[in-house]
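The block underneath contains the structure these notes are about, expressed in structure tokens.
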Amino acid sequence: MRPLIEDSYQQQMLRKIALRSSEDGFPKYTDFGVDKESVEDYLSEKQDVLNLRGSQTRQFTVVGCLILVPALIASGFDHTQSPFGDKTSLVSMLGGVVLAACWWGLNSWRVNRKLKAICNQEIEAYLRAVEEY
């Protein structure tokens, strides 16, 4: 059985640097005014922030629950007395979609805010050069 290879942004970049750093034309740390340790620390911090969203499975589970829970709550009440009548389940699911969109937006905003807070332009320039190599 083969071991699982982590395929995070951090691991992709570190693997590419390790495999190709001896090639001619590959970006050097000194050309960008950074050192190996600071790049590794920065990649670790950036990966921690990127992991705040959680796995894709977790994201879709939360969104699905946010969409369905209002419909389940609405189904517990009598639809004849509701202002929406027979459309109450549909309206409650639309409310769930709005809740899910708000959650998704707040989650993305939080991650982007933290990424901006840790941003280091010199290291980002080096990482862009490595990606383009």
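Everything quoted here is computed from the prediction, not taken from an experiment. Values reported hereafter were calculated over all heavy atoms of this structure, with side chains retained and with hydrogens, waters and symmetry mates removed.
Counting heavy atoms from C-beta on, the side chains of L52 and N107 never come closer than 4.5 Å.
Within the structure, every pair that satisfies the side chain to side chain donor-acceptor pair (under 3.5 Å) test and touches residues 87-99, not counting sequence neighbours, is listed here: S82-T88. Pairs engaging residues 53-72 under the side chain to side chain donor-acceptor pair (under 3.5 Å) rule: none recorded [sequence neighbours left out].
A search for side chain to side chain contact (heavy atoms under 4.5 Å, CB included) contacts involving K36 returns Y29, E40, not counting sequence neighbours. By the side chain to side chain contact (heavy atoms under 4.5 Å, CB included) test, A101 pairs with no residue at all, sequence neighbours left out. Contacts of Y9 classified as ring pair (Phe, Tyr, Trp, His ring centres under 6.0 Å), with partners at least two apart in sequence or in another chain: none.
Once rounded to the nearest 0.5 Å, the distance linking OH of Y126 with CD of E131 reads 11.5 Å. Taking SG of C102 as the reference point, atom CG of L106 lies at 6.5 Å (rounded to 0.5 Å). The CZ atom of R15 sits 8.0 Å away from the OG atom of S8 when rounded to the nearest 0.5 Å.
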Check residues 116-124 and write down every donor-acceptor pair under 3.5 Å in which the side-chain atom is one partner and the other belongs to a residue at least two apart or another chain.
from : atom 1 : to   : atom 2 : distance (Å)
N120 : OD1    : E122 : N      : 3.1
N120 : OD1    : I123 : N      : 3.4
E124 : OE2    : Y42  : OH     : 2.5
E124 : OE2    : K46  : NZ     : 3.0

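A single hydrophobic cluster is not seen to contain both L90 and V63; linkage of ILVMFWY side chains at heavy-atom distances under 4.5 Å, directly or through other members, places them apart. In the hydrophobic clustering of ILVMFWY residues, with side-chain heavy atoms under 4.5 Å counting as a link, L115 and M13 come out together. The cluster map of Ile, Leu, Val, Met, Phe, Trp and Tyr, joined by side-chain heavy atoms under 4.5 Å apart, puts W103 and L68 in the same cluster. Under the 4.5 Å side-chain heavy-atom criterion for ILVMFWY residues, a single connected hydrophobic cluster contains both L50 and V39. Hydrophobic clustering (ILVMFWY, side-chain heavy atoms < 4.5 Å, transitive): V91 and L66 are in distinct clusters.
Of all heavy-atom pairs spanning A125 and F32, the tightest one is O-CE2, 3.8 Å. When all heavy atoms of A100 and I67 are compared, the closest pair comes out as CB-CG1, 4.0 Å.
The side chain to side chain donor-acceptor pair (under 3.5 Å) test with Y133 singles out one residue from E23, K16, R20, and that residue is E23.
Under a 3.5 Å cut-off, the side chain of Q10 and the backbone N or O of Q47 do not form any donor-acceptor pair.
More than 12 heavy atoms of other residues, nucleotides or ligands lie within 6.0 Å of CG in D31, so this atom counts as buried by the packing criterion. For F26, the CZ atom is densely surrounded, since the number of other residues' heavy atoms within 6.0 Å is greater than 12.
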